[in-house]
Amino acid sequence: MPSLLLVPGAWHKPEHLQLLIDEMPDIDVHAVALTSCGDDPKSLGDMYSDAAAIKAAVEAIDGPVVVLAHSYGGVPVTQALAGTANVESIVYLAAFQLDAGDSLLSSVGGNPAPWWQFHRTEGAGGHMTVAGPVDVFYGDVDPAIAEKAAAELGYQSYTAITQELTAVAWQTIPSTYIICEADNALPPFAQELFAQRAGKTLRLNASHSPFLSQPSTLAQVIRDELTQR
């Protein structure tokens, strides 16, 4: 069975994925921290430095790898993995599966979501926080878990969502798209469009964060992907 690399979405950290990781003790699981998310808005990286971190994480794994990207994580994953030798497939979980020349912002029509809260950061560009993260991200998550997850969110680089892809990994690496059908952050109709670029589409009756609301179900879906590729 290949190793699994988990890539969180915007505002999120590897800690948010721990319930999912706990459901897969039989799998060699790794998670990468994105540079564009953090607790200090003045030191945030961007999409390209995220891609570099993902590429380095893949290269540090000895043997075949399947990469699961959540939400914004799909953008730097698509950028990072083109030409990599040991990535067998990419799983896009309610993620932005974009093409060359696209940015996350352009893929939503250039209009920021109403729940993005933009802040200027002197000397480091802008960063974003989230208005109502429990409703946006965690609609079907246990309230105590949701509140804890919301409290652990980091700041997110605004620059990262404006940067365009210059490489497209899914054009040469097989991909699967998991649509979250009760998602308040990335509308399911948009996910349906992104999923047309994937080789296979799966569906979960879940909010934007099934790694918190349905970790055992999501773990089984991932395990099937690892064994049936």
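The structure displayed is predicted, hence computed values, not measured ones.
- Of the possible donor and acceptor atoms, one in the side chain of D50 sits under 3.5 Å from a partner among the backbone N and O of S36.
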Walk me through it: do E88 and E225 pass the test side chain to side chain contact (heavy atoms under 4.5 Å, CB included)? CA-CA 11 Å; E88 294 200 344; E225 285 297 297; over 6 Å; no
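- A donor-acceptor pair under 3.5 Å is absent between the side-chain atoms of W11 and the main chain of E152, judged by distance alone.
- For D62, the CG atom sits in a loose shell: 12 or fewer heavy atoms of surrounding residues, nucleotides or ligands are nearer than 6.0 Å.
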Test side chain to side chain contact (heavy atoms under 4.5 Å, CB included) applied to V141 and V134, step by step: CA-CA 8 Å; V141 177; V134 171; over 6 Å; no
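- Contact annotation: the side chain of I145 never approaches that of Y138 to less than 4.5 Å [non-hydrogen atoms, C-beta and beyond].
- Separation of atoms CZ (F96) and CD1 (I161) is listed at 8.5 Å; rounding is to 0.5 Å.
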Determine whether V67 and I173 satisfy the following criterion, side chain to side chain contact (heavy atoms under 4.5 Å, CB included), listing intermediate values before the conclusion. CA-CA 11 Å; V67 178; I173 298 173; over 6 Å; no
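- The shortest side-chain heavy-atom distance between M24 and L4 falls under the 4.5 Å cut-off.
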All N/O donor-acceptor pairs, side-chain side in residues 74-86, below 3.5 Å, sequence neighbours left out:
unit_1, atom_1, unit_2, atom_2, d
T78, OG1, G74, O, 2.7
T78, OG1, Y92, OH, 2.7
Q79, OE1, T166, N, 2.8
Q79, OE1, T166, OG1, 3.4
Q79, OE1, A167, N, 3.4
Q79, NE2, T166, OG1, 2.7
T84, OG1, L81, O, 2.7
N86, ND2, V58, O, 3.3
N86, ND2, I61, O, 3.4
N86, ND2, G63, O, 3.1

Could you please spell out the steps behind the side chain to side chain contact (heavy atoms under 4.5 Å, CB included) verdict for T176 and L202? CA-CA 7 Å; T176 295; L202 304 173; 3.9 Å; yes
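- A side-chain donor-acceptor contact under 3.5 Å links S157 to the backbone of A160.
- Q191 contributes a side-chain N or O that, together with a main-chain N or O of C180, makes up a donor-acceptor pair within less than 3.5 Å.
- When all heavy atoms of S175 and W170 are compared, the closest pair comes out as OG-CB, 4.1 Å.
- The heavy-atom pair separating A94 from D183 by the smallest distance is CB-OD2, 3.6 Å.
- Y177 and F194 have tilted rings, their planes meeting at an angle from 30° to 60° on a 0 to 90° scale.
- F189 and V108 fall into different hydrophobic clusters, where Ile, Leu, Val, Met, Phe, Trp and Tyr residues are linked whenever their side-chain heavy atoms come under 4.5 Å apart, directly or through other members.
- Across every non-hydrogen atom of L44 and G38, the tightest pair is CD2-N, 3.4 Å.
- Taking CG of L20 as the start and OG of S216 as the end, the distance is 10.0 Å to the nearest 0.5 Å.
- Using a 4.5 Å heavy-atom cutoff, the side chains of I90 and Q97 are not in contact.
- The backbone N or O of A149 sits less than 3.5 Å from a side-chain atom of H16, completing a donor-acceptor pair.
- Taking OG1 of T35 as the start and CE of M47 as the end, the distance is 10.5 Å to the nearest 0.5 Å.
- Residues Q220 and R223 form a side-chain contact, since some pair of their non-hydrogen atoms from C-beta on lies under 4.5 Å apart.
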Carefully, step by step, assess W115 and F137 under the rule ring pair (Phe, Tyr, Trp, His ring centres under 6.0 Å). CA-CA 11 Å; W115 45 269; F137 295 141; 5.6 Å; yes
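- Side chains of V221 and V91 form no contact here, defined as non-hydrogen atoms less than 4.5 Å apart.
- The backbone N or O of D135 lies less than 3.5 Å from a partner atom in the side chain of N184, making a donor-acceptor pair.
- Between H208 and H70, the angle of the ring planes lies from 30° to 60°, which puts this pair in the tilted group.
- Side-chain contact between L68 and F211: absent, with no pair of heavy atoms (C-beta onward) separated by less than 4.5 Å.
- D140 places a side-chain N or O within donor-acceptor distance of the main-chain N or O of S207, the cut-off being under 3.5 Å.
- When all heavy atoms of V66 and P2 are compared, the closest pair comes out as CG2-CG, 3.8 Å.
- Residues meeting the side-chain hydrogen bond (donor to acceptor under 3.5 Å, both in side chains) test with K13, sequence neighbours left out: D39.
- A distance of 8.0 Å separates CG of L204 from CD of E181, quoted to the nearest 0.5 Å.
- Closest non-hydrogen pair, P133 versus L153, comes out as CB-CD1, 3.6 Å.
- Donor-acceptor pairing under 3.5 Å is recorded for the side chains of Q117 and T129.
- Here CG of L17 is found 8.0 Å from CG of L212. Values are rounded to the nearest 0.5 Å.
- In this structure, the separation between OH on Y48 and CD on E164 is 6.5 Å, given to the nearest 0.5 Å.
- Contact record, N205 with A182: OD1-CB, 4.1 Å, taken as the closest heavy-atom pair.
- Between M1 and T227, the closest side-chain pair of non-hydrogen atoms falls below 4.5 Å.
- Y72 has its side chain within reach of Q156: a pair of non-hydrogen atoms, C-beta onward, lies under 4.5 Å apart.
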